[in-house]
Amino acid sequence: MAKTGRAARARRPPGSPSASRPAQAKTPSAGKATGPAIQRLWPTPIGLHGYAAAPKVNPLLVEAFAELRSAQQRQRGEKPGPFFASDDDLLERMKSDEWRDFIRFLVSSLNETTKKANGEAWAGRALDLRVGFQGMWFQCSRDGAFHDIHTHGNCSWSAAYIVQIDEPEQRVSHPVYGAANGVTRLYGPHFTAMAGAFTDVGNAYLQPPHLDIEPVPGRLLLFPSWLAHKAMPYGGEKDRIIISFNASIHAAEGDQMHGYSAH
């Protein structure tokens, strides 16, 4: 049977570390700073862009969308209601110089956001980007209509562009919805894992688990397609009208960023 206590300590060979003074590993960096103690993994980038021509273009979009909505409701046999989502072929349906300029703004914003989000991953490479739209549509809501939590597939980026909504002071004065009236709510990737889970000051960095993006006409929100989001209930004098789309972004040189060997 192995001896314990003082007898066991007495049998240590000469030069062995004592119980009261644990062994210290000798490394070249001993006693020196080793760099930051915190590293944040896999951040979630979003892009916010403002369209300078929105005051001129948005009213034109409102008129065009009203005509498209009536036509598609007749085609579908739908009656007017508090929520409407158009077909996702808006990119092909709209034909005007103003629309083409708007699409250039979308492409430019996607390029800028993508470059900033991937600066480290691209390791300084300047890539020749190709933007592809996998679908574009508009949505109208009022009288408490909303679009519940969801994600988008078959794309890397998704978007919401605000065409029309009540003025800020009037929007946030809603007696029920308040400041959340008509906002786009983004849910952090940890949200589902935290439902009902423990929180304290130690994980305060996870709070709140969502972010509300204020709906401002002319504002374009770009976010990763995997990010859960929701159009919160909206009530106001004007319809809440947005344009949404899905996009994939490729490089003319190819999309492979890493080799297949172990890293």
Q: Kindly state whether the ring of Phe223 and the ring of His229 have centres lying under 6.0 angstrom apart.
A: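 Yes, close enough.
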Which atom of [X] lies closest to which atom of [Y], heavy atoms considered:
X	Y	answer
Ser96	Trp99	OG-N, 3.0 Å
Thr184	Ala160	OG1-CB, 4.5 Å
Ala180	Met232	O-CB, 3.5 Å
Lys95	Glu92	CE-O, 2.9 Å
Gly144	Pro233	O-CB, 3.7 Å

Does any part of the side chain of [Y], heavy atoms only, come nearer than 4.5 Å to the side chain of [X], both counted from C-beta?
X	Y	result
Phe83	Arg142	no
Leu222	His49	yes
Pro45	Pro224	yes
Gln207	Thr199	yes
Ile149	Arg185	no
Thr151	Trp226	no
Arg104	Asp101	yes
Phe105	Leu110	no

Indicate yes or no: does [X] engage [Y] in a salt bridge with an N to O separation below 4.0 Å.
X	Y	answer
Asp143	Arg240	no
Arg130	Asp255	no
Asp166	Lys238	no

Could you see if [X] belongs to whatever hydrophobic cluster contains [Y]? Use Ile, Leu, Val, Met, Phe, Trp, Tyr and a side-chain cutoff under 4.5 Å.
X	Y	result
Leu91	Leu61	yes
Ile165	Tyr177	no
Ile242	Val62	no
Leu90	Ile162	no
Phe138	Met136	yes

(Q) Run His250 and Val131 through side-chain contact (heavy atoms from CB on, under 4.5 Å) and show every step you take. (A) CA-CA 7 Å; His250 306 276; Val131 174; over 6 Å; no
Quick one: pull up [atom1] in [X] and [atom2] in [Y] and give me the separation to the nearest 0.5 Å.
X	Y	atom1	atom2	value
Trp137	Phe65	CH2	CZ	12.5 Å
Leu127	Glu253	CG	CD	5.0 Å
Gln139	Ser244	CD	OG	5.0 Å
Asp89	Met94	CG	CE	11.5 Å
Gln164	Cys140	CD	SG	8.5 Å
Leu186	Thr44	CG	OG1	9.5 Å

For [X], look at atom [atom1] and say whether over 12 heavy atoms of other residues, nucleotides or ligands are found less than 6.0 Å away.
X	atom1	value
Glu120	CD	no
Leu41	CG	yes
Glu67	CD	no
Arg40	CZ	no

For [X] and [Y], indicate whether the former's side chain and the latter's backbone hold a donor-acceptor pair under 3.5 Å.
X	Y	answer
Asn181	Gly235	yes
Arg219	Val216	no
Gln134	Ser248	yes
Asp239	Ile241	no
Asn118	Thr114	yes
Gln72	Asp87	yes
Asn246	Cys155	no

Q | Evaluation steps, side-chain contact (heavy atoms from CB on, under 4.5 Å), between Glu169 and Ser173 | A | CA-CA 6 Å; Glu169 291 186 2; Ser173 66; over 6 Å; no
Q: Could you check whether the rings of His152 and His150 sit parallel, tilted or perpendicular, using 30° and 60° as the cut-offs?
A: parallel
**Q.** Plane angle bin for Phe133 and Phe245 - parallel if under 30°, tilted between 30 and 60°, otherwise perpendicular
**A.** perpendicular
Q.
side-chain contact (heavy atoms from CB on, under 4.5 Å) for Leu220 and Tyr51? Distances and angles first, verdict last.
A. CA-CA 8 Å; Leu220 171 67; Tyr51 188 37; over 6 Å; no
**Q.** Any side-chain donor near an acceptor of the partner, Tyr161 and Asn58, under 3.5 Å
**A.**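 Short answer, yes.
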Q. Taking only residues two or more places apart in sequence or in another chain, which ones pass salt bridge (charged side-chain N to carboxylate O under 4.0 Å, His left out) with Glu98?
A.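 Salt bridge (charged side-chain N to carboxylate O under 4.0 Å, His left out) check on Glu98 returns nothing, list empty.
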Q: Evaluate side-chain contact (heavy atoms from CB on, under 4.5 Å) for Leu48 paired with Leu221, printing each intermediate quantity in order.
A: CA-CA 5 Å; Leu48 288 173; Leu221 164 66; 3.8 Å; yes
Q | Charged tip of Lys230 within 45° of Phe146 ring normal and under 6.0 Å | A |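 Yes.
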Q: Take Arg171 and Glu167, measure what salt bridge (charged side-chain N to carboxylate O under 4.0 Å, His left out) needs, and give me the verdict at the end.
A: CA-CA 6 Å; Arg171 179 184 64 80; Glu167 295 299 321; over 6 Å; no
